[in-house]
Amino acid sequence: MIPILDSKRQYAKIGTEVEKVVCEVLRSGSYILGPNVKALESELAKYIGCNYTVALNSGTDALHLALRALDIGKGDEVITTAFTFVATTESIEIVGATPVFCDINPDTFNIDANKIEDLITPRTKAIMPVHLYGQPCDMDKIMDIAKRHNLYVIEDCCQAIGAEYKGQKVGTFGDIGCYSFYPTKNLGGMGDGGLITVNSENLKNRIVALRNHGGAIRYHHDEIGVNSRLDEIQAAILRVKLNYIDEWNKARRSHAATYNELFAGCSDIQTPKELDNTYCVYHQYTVKIPNRDEIHKMLQESGIGAMLYYPIPLHMQKVHAHLGYKMGDLPITEKNTECVISLPMFPELTLEEQKTVASTLISCLEKSKALA
Ligand SMILES: *Cc1c(COP(=O)(O)O)cnc(C)c1O
């Protein structure tokens with residue numbers, strides 16, 4: 001069995017360090033928004049390259065509070081992608097705004113910047129690009145459109161901590177960047193967690209208030225906020241893991257290069273492409289193949305933990321049915337949904353395992369061809 005992700009192997013390496021800092025928190029008596037959260041916020045601001053970060057309960061809260069902080073709500077439209085995790089568009093609906101779906105670039109899986117301008121209306125307030133699978137979006141084009149049309153940009157960086165576009169980390173191009181520390185993410189806690197990156201001090205203060213019941217001063221509440229405080233145990237664990245993130249992302253990139261080589265001779269497998277001048281951090285290694293559903297089943301039966309991210313495009317999800325989209329509206333998104341498959345990818349994956357994954361996938365493809 002080769003899993004898509006094996007968190008236990010990472011724990012085997014850093015467990016002693018993690019247990020030490022967790023014990024320190026337990027003994028300290030400070031459990032929510034304490035010194036570890038403060039330190040994590042400044043360490044991450046330095047790592048990502050922004051003025052401020054605000055630690056939150058989840059990536060979903062980061063997205064939703066980003067929209068709240070920019071006063072985006074009822075009657076407003078946000079242009080985004082339908083090829084992402086539902087939290088992206090859920091956050092837009094939570095604040096009462098309307099997601100407007102833009103089709104994707106078939107090679108990068110990300111929002112097709114060339115198609116954004118056609119979707120802009122007087123109600124458009126923001127663009128929400130998603131750096132899917134750890135691959136940066138075309139930020140020059142997106143920021144140029146945003147500037148010309150006076151739109152906000154909220155980057156969904158939940159899968160892309162450490163990813164760079166022209167030497168600059170994602171989450172620092174737009175007005176606000178949103179990160180997740182869900183355990184399976186490249187920098188994952190041992191519970192939920194999230195983060196906002198921001199350069200404006202005013203926006204930072206607004207988000208700090210929103211995360212704690214809408215007040216900057218205790219028991220003084222200026223607006224309806226939420227409880228989205230990060231706890232000290234998660235912050236302490238994340239601070240340990242932050243020391244390894246570059247090493248881990250490097251290992252992911254090296255595994256991606258190895259997969260690319262192993263699949264080089266196989267015309268049925270389309271390996272992921274990277275935009276020029278980007279540093280992709282391979283949250284997922286996702287290929288395109290024919291007869292995807294059949295192959296997926298065969299891989300599972302052979303003990304290969306392959307996954308489909310994502311099997312239903314968001315414009316076809318019941319939750320967004322009221323928006324009135326139909327099949328055919330986003331042809332490239334729909335086509336990708338049918339042929340993508342993500343293969344085992346985590347820093348501790350071994351070369352032997354990668355060879356097994358590759359040879360199994362290739363033989364499954366041959367078998368399914370012979371049967372056809
Ligand atoms: C994981 C993820 C989220 C949500 O993050 P949570 O911490 O699970 O709330 C949002 N967007 C994308 C693209 C994600 O992968």
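Basis for what follows: all heavy atoms, side chains included, without hydrogens, waters or symmetry-related copies. Remember, it's 1-based here, ligands and their atoms both numbered in the order they're listed.
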Full working for side chain to side chain donor-acceptor pair (under 3.5 Å) between Glu117 and His149: CA-CA 9 Å; Glu117 274 190 290; His149 295 270; 2.6 Å; yes

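Residue pairs that meet the salt bridge (Lys or Arg N to Asp or Glu O under 4.0 Å) test with at least one member in residues 73-83, sequence neighbours left out, are Asp76-Lys125.
Classification of Arg211 and Asp61 as a salt-bridged pair fails, no side-chain N sitting under 4.0 Å from a carboxylate O. Using a cutoff of 4.0 Å between basic side-chain nitrogens and carboxylate oxygens, Arg239 and Glu43 are scored as salt-bridged.
Within the 6.0 Å centre-distance limit, the rings of Phe109 and Tyr133 are counted as a close aromatic pair.
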Ligand 1 N/O to protein N/O, distances under 3.5 Å:
residue, atom, partner, partner atom, Å
ligand 1, 5 (O), Ser180, OG, 3.3
ligand 1, 7 (O), Gly59, N, 2.8
ligand 1, 7 (O), Ser180, OG, 2.6
ligand 1, 9 (O), Gly59, N, 3.3
ligand 1, 9 (O), Thr60, N, 2.8
ligand 1, 9 (O), Thr60, OG1, 2.4
ligand 1, 11 (N), Asp156, OD1, 3.4
ligand 1, 11 (N), Asp156, OD2, 2.8
ligand 1, 15 (O), Gln159, NE2, 2.9
ligand 1, 15 (O), Lys185, NZ, 3.0

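For the pairing with Lys166, the side-chain hydrogen bond (donor to acceptor under 3.5 Å, both in side chains) check across Asn277, Asp140, Asp276 returns one residue only, Asp140.
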